**Q** 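One structure, as structure tokens, below. Some questions next.
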Protein chains: 2
Amino acid sequence: MTDLASTTMNAKKAGRISKALADPNRLVILKEIKKRNDCLYCVEITDIIDLAQPSICHHLKQLTDSEIIVGEKEGRNVKYKLNNEVMDEYIAFLQSLKTE
Amino acid sequence: MTDLASTTMNAKKAGRISKALADPNRLVILKEIKKRNDCLYCVEITDIIDLAQPSICHHLKQLTDSEIIVGEKEGRNVKYKLNNEVMDEYIAFLQSLKTE
DNA sequence: TCGAACAATTTAAATATTTCAATAAATAAG
DNA sequence: CTTATTTATTGAAATATTTAAATTGTTCGA
């Protein structure tokens, strides 16, 4: 094991993150998390995105499965936060694709 | 027009790039471009990826449409290069999603 | 010009994703 | 315990993507 980064971010994980980011609604969710300073409840997203609750749930699952966001249970609610570490790893992966 | 960055990288463009990156075969293509030092011919990809020529062509189109790579015609061949500028813009977009 | 080599397009199929209605699960409040 | 609130799951339809065969377009070399 020579390259530590490769253990945290492999092509499979990068692919899953890319897929998670490959939907306009999911980008809106990420922007909203930023906007609300890492404090987004599922129920609030219904007001922002014109989708049914199960659809939003599905998109949140894509994002949490890729680990780009993390959901913290708070009673009945779930609070979503961006996983800055994973985002940094993903960015590092993209940087590694650059030539110079 | 107050924010210059928004003209170069908006959500729509970021979405297209995310989609372009959201396929394992396309990530392999990008890695191979890096490996060969920005000098990849379409015909070479057939040796690396087990797909028919039109499929590879399709994937290259996704990548070039998103502008993450650029194809330069060289006689009968097309030489593909990573568009470092667009990659940097995309990375900056991802950075902007981070909270701290 | 003709044929070979490389890339792009068209069309259709297989596969994957997105979406929502219905339902279930979990928890808070009364 | 019962009900209301919030989130998750299931199942099915609509839509999008991926793939390859067949074809077309381009360019090089003889």
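All values reported here derive from a predicted model rather than from experimental measurement. Every chain is numbered from 1 and lettered A, B, ... according to where its sequence line falls, protein lines coming before strand lines.
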**Q** Measure from CG on B:Asp23 to C1' on D:dT18 and round the result to the nearest Å.
**A**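 The answer, rounded to whole Å, is 8 Å.
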
**Q** Can you tell me whether the side chain of B:Gln53 and the base of D:dA20 have a donor-acceptor pair closer than 3.5 Å?
**A**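 Absent.
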
**Q** Using a cut-off of strictly less than 4.0 Å, decide whether A:Lys19 has a side-chain nitrogen or oxygen near OP1 or OP2 of C:dT17.
**A**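 The answer is yes; a side-chain N or O of A:Lys19 sits under 4.0 Å from OP1 or OP2.
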
**Q** CD of B:Glu74 versus P of D:dT26: gap in Å, rounded?
**A**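 Interatomic distance, CD of B:Glu74 to P of D:dT26: 19 Å.
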
**Q** Is there a side-chain contact between B:Ile45 and B:Leu51 in this structure, where contact means two heavy atoms from C-beta onward sitting under 4.5 Å apart?
**A**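 They are not in side-chain contact.
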
**Q** May I have the distance from B:Ile56 (atom CD1) to C:dA7 (atom P), rounded to whole angstrom?
**A**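 It works out to 10 Å between those atoms.
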
**Q** Is B:Leu21 close to B:Tyr90 at the side-chain level, that is, under 4.5 Å between some pair of heavy atoms?
**A**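 B:Tyr90 vs B:Leu21: side chains touch.
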
**Q** Can you tell me which nucleotide in D:dT18, C:dA8, D:dC28 comes closest to the side chain of B:Arg26?
**A**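 When the side chain of B:Arg26 is considered, D:dT18 is the closest of D:dT18, C:dA8, D:dC28.
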
**Q** Given atom CG of A:Asp65 and atom C1' of C:dT18, what is their separation to the nearest angstrom?
**A**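 So the two atoms are 15 Å apart, to the nearest Å.
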
**Q** Compare side-chain N and O positions of B:Ser55 against OP1 and OP2 of D:dA20 and report whether any pair is under 4.0 Å apart.
**A**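 True: B:Ser55 side-chain N/O within range (under 4.0 Å) of D:dA20 OP1/OP2.
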
**Q** What nucleotide, of D:dT7, C:dT19, D:dC28, holds the atom closest to the side chain of A:His58?
**A**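 Comparing D:dT7, C:dT19, D:dC28 against the side chain of A:His58, the answer is C:dT19.
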
**Q** Name the closest nucleotide to the B:Lys73 side chain, picking from C:dC20, C:dA7, D:dT27.
**A**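 The answer is D:dT27.
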
**Q** Students often get this wrong, so: under 4.0 angstrom with heavy atoms, is A:His59 touching a base, only sugar-phosphate, or nothing?
**A**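 Result for A:His59 = sugar-phosphate.
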
**Q** Looking at A:Asn77, does any N or O in its side chain come under 4.0 Å of the phosphate oxygens OP1/OP2 on C:dT27?
**A**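 For C:dT27, OP1/OP2 do not have a side-chain N/O of A:Asn77 under 4.0 Å.
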
**Q** Within this structure, what is the CD1-to-P distance between A:Ile49 and D:dT7, rounded to whole angstrom?
**A**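 Answer to the nearest Å: 14 Å.
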
**Q** Would you mind telling me which residue lines up with the more 5' stretch of DNA chain C, A:Asp50 or B:Cys57, judged by nearest nucleotide?
**A**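 So the residue in question is B:Cys57.
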
**Q** Between P on D:dA8 and CD on A:Glu72, what's the gap in Å once rounded to a whole number?
**A**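 These atoms are roughly 13 Å apart.
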
**Q** Distance check needed: D:dT18 P versus B:Leu21 CG, whole Å only.
**A**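 Rounded to whole Å, this separation is 12 Å.
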
**Q** Tell me the interatomic distance from A:Gln62, atom CD, to D:dA8, atom P, rounded to whole angstroms.
**A**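 Distance check: A:Gln62 CD to D:dA8 P gives 13 Å.
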
**Q** With a 6.0 Å cut-off (strictly less than), is the heavy-atom count around CG of B:Asp47, excluding the residue itself, greater than 12?
**A**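 More than 12 within 6.0 Å, yes.
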
**Q** Between A:Lys19 and B:Asp23, is the salt bridge (Lys or Arg N to Asp or Glu O under 4.0 Å) condition met? List the steps.
**A** CA-CA 8 Å; A:Lys19 258 189 190 168; B:Asp23 181 280; over 6 Å; no

**Q** Between A:Glu72 and A:Lys79, does any NZ, NE, NH1 or NH2 come within less than 4.0 Å of an OD or OE carboxylate oxygen?
**A**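 No.
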
**Q** With sugar-phosphate meaning primed atoms plus P, OP1 and OP2, does A:Leu60 contact a base, only sugar-phosphate, or nothing at under 4.0 Å between heavy atoms?
**A**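 Since no nucleic acid heavy atom lies under 4.0 Å of A:Leu60, the category is nothing.
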
**Q** Under a 3.5 Å threshold, yes or no: a donor from one side chain and an acceptor from the other, between A:Tyr80 and A:Thr64?
**A**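 No pair is found: no donor N or O on one side chain lies under 3.5 Å from an acceptor on the other.
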
**Q** Among the candidates D:dT26, C:dT18, D:dT9, find the nucleotide nearest to the side-chain atoms of A:Lys61.
**A**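 It is D:dT9.
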
**Q** If you check every side-chain atom of A:Arg76, which of C:dT19, D:dT5, D:dA20 has the closest atom?
**A**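 Given the options C:dT19, D:dT5, D:dA20, the side chain of A:Arg76 is closest to D:dT5.
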
**Q** Taking only the side-chain heavy atoms of A:Ala52 (C-beta and beyond), determine which of C:dT9, C:dA7, C:dC20 contains the nearest atom.
**A**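 My answer, after comparing the listed nucleotides, is C:dC20.
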
